[in-house]
Amino acid sequence: MFQWVVNCPLYSVFFGGIGNDDEGKLLEKLVKNSGIETRYKYHNDYPTGSCLALISGENRSLVCHLGAANIYEPSDLLQHMQILEQVNIIYIESFFISHSYEVALLLLKLCQDKKIALVFNINAVYMCNDFPNKVSHLAKCANILFGNKEEFKALGKVMNLEYESTKDIALALHNMSNQGHFLESCDLGKYLNKMGKIIVVTDGKDSVLCVYGNGCNKPSVIKFDVPAVRQELIRDTTGAGDSFLSGFLAGVFAKHNMETCIAWGCWTAQQVIQLIGCQVPPYPSDEIHKIRY
């Protein structure tokens, strides 16, 4: 979805583990056809991961068999450090740290050493409950932190942030983790240094909360009302959160203000929920460039 929005081939690189099977070949083909460079670890003894989506109206549940996606070692990453040192942003999902935390720590050190921005997604309430120290550490170190309302409440609880509202949790988290490393001096790095720590809290079709700012000033708080989508257009919400993040990061790469970045995230998510499965829409993303705040 990020590649679809930026519409620039090979703008991103995807790392992970897949099986040496037909499903793995299909997955790699689909990802590459989307314009993404891949750096997979191929496994002969594990199948490519799969996921069953159970859909009921706007609701859905996911049942996963991780397979080869569950196996990714530091040695697998170290083979690709040359390309990693050239990127502007590294994105890690919390699901990844459940089985490859050492790799995540390597990436964190790389970000700090090379002045690369780190983006972290909380992903799930159970990740906070099952891996509280690991999730808390990445959440504090990330330059950009994403999650939904319930995930931030769970994170606040395991970090002993005794607040009722997600706004207070986000502000407290911003305050305690805003002494991050300065980023590289390219245009994107200068933009992100000016923005400071960015925390984004989604809440489905309800308002998006964003807290951002560097340590020199009081943080800015945005409450952004999500544009409505007609009920009959919503077919499958699978991938809505990831698509929001994709659109938001595309706005970041374009160095837009936070309101526009959030609006880009909302627009991108709203395209994918009108399709069955998380798939790239069959039309260009040109419309997004008309959105400005």
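The first residue in the sequence is number 1, and the count goes up from there.
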Next on the checklist: Taking Trp267 as the starting point, is it possible to reach Val200 by hopping between hydrophobic residues whose side chains are less than 4.5 Å apart?
Outcome noted: yes

- Query: Linking I/L/V/M/F/W/Y whenever any side-chain heavy atoms sit under 4.5 Å apart, do Ile36 and Phe2 land together?
  - Reply: no

When rounded to the nearest 0.5 Å, the distance separating CD1 of Ile288 from OG1 of Thr260 is 10.0 Å

Let me check something: do Leu275 and Trp4 share a hydrophobic cluster, defined by ILVMFWY side-chain heavy atoms less than 4.5 Å apart, either directly or through other members? no

key: Shared hydrophobic cluster for Leu188 and Val5 (ILVMFWY, side-chain gaps under 4.5 Å)   = yes

In this structure, CG of Leu173 is separated from OG of Ser136 (nearest 0.5 Å) by 8.5 Å

Interatomic distance, CZ@Phe96 vs OH@Tyr91, rounded to 0.5 Å, equals 12.0 Å

* Using the benzene-type ring in the case of Trp, are the ring centres of Phe15 and Tyr40 under 6.0 Å apart? -> no

dist Leu30:CG -> Thr38:OG1 (nearest 0.5 Å) comes out at 12.0 Å

How about NZ on Lys25, more than 12 heavy atoms from neighbouring residues, nucleotides or ligands closer than 6.0 Å, or not? yes

When rounded to the nearest 0.5 Å, the distance separating CG of Leu84 from CG of Leu77 is 5.5 Å

Correct closest heavy-atom pair for Tyr101 and His137 would be OH-CD2, 3.5 Å

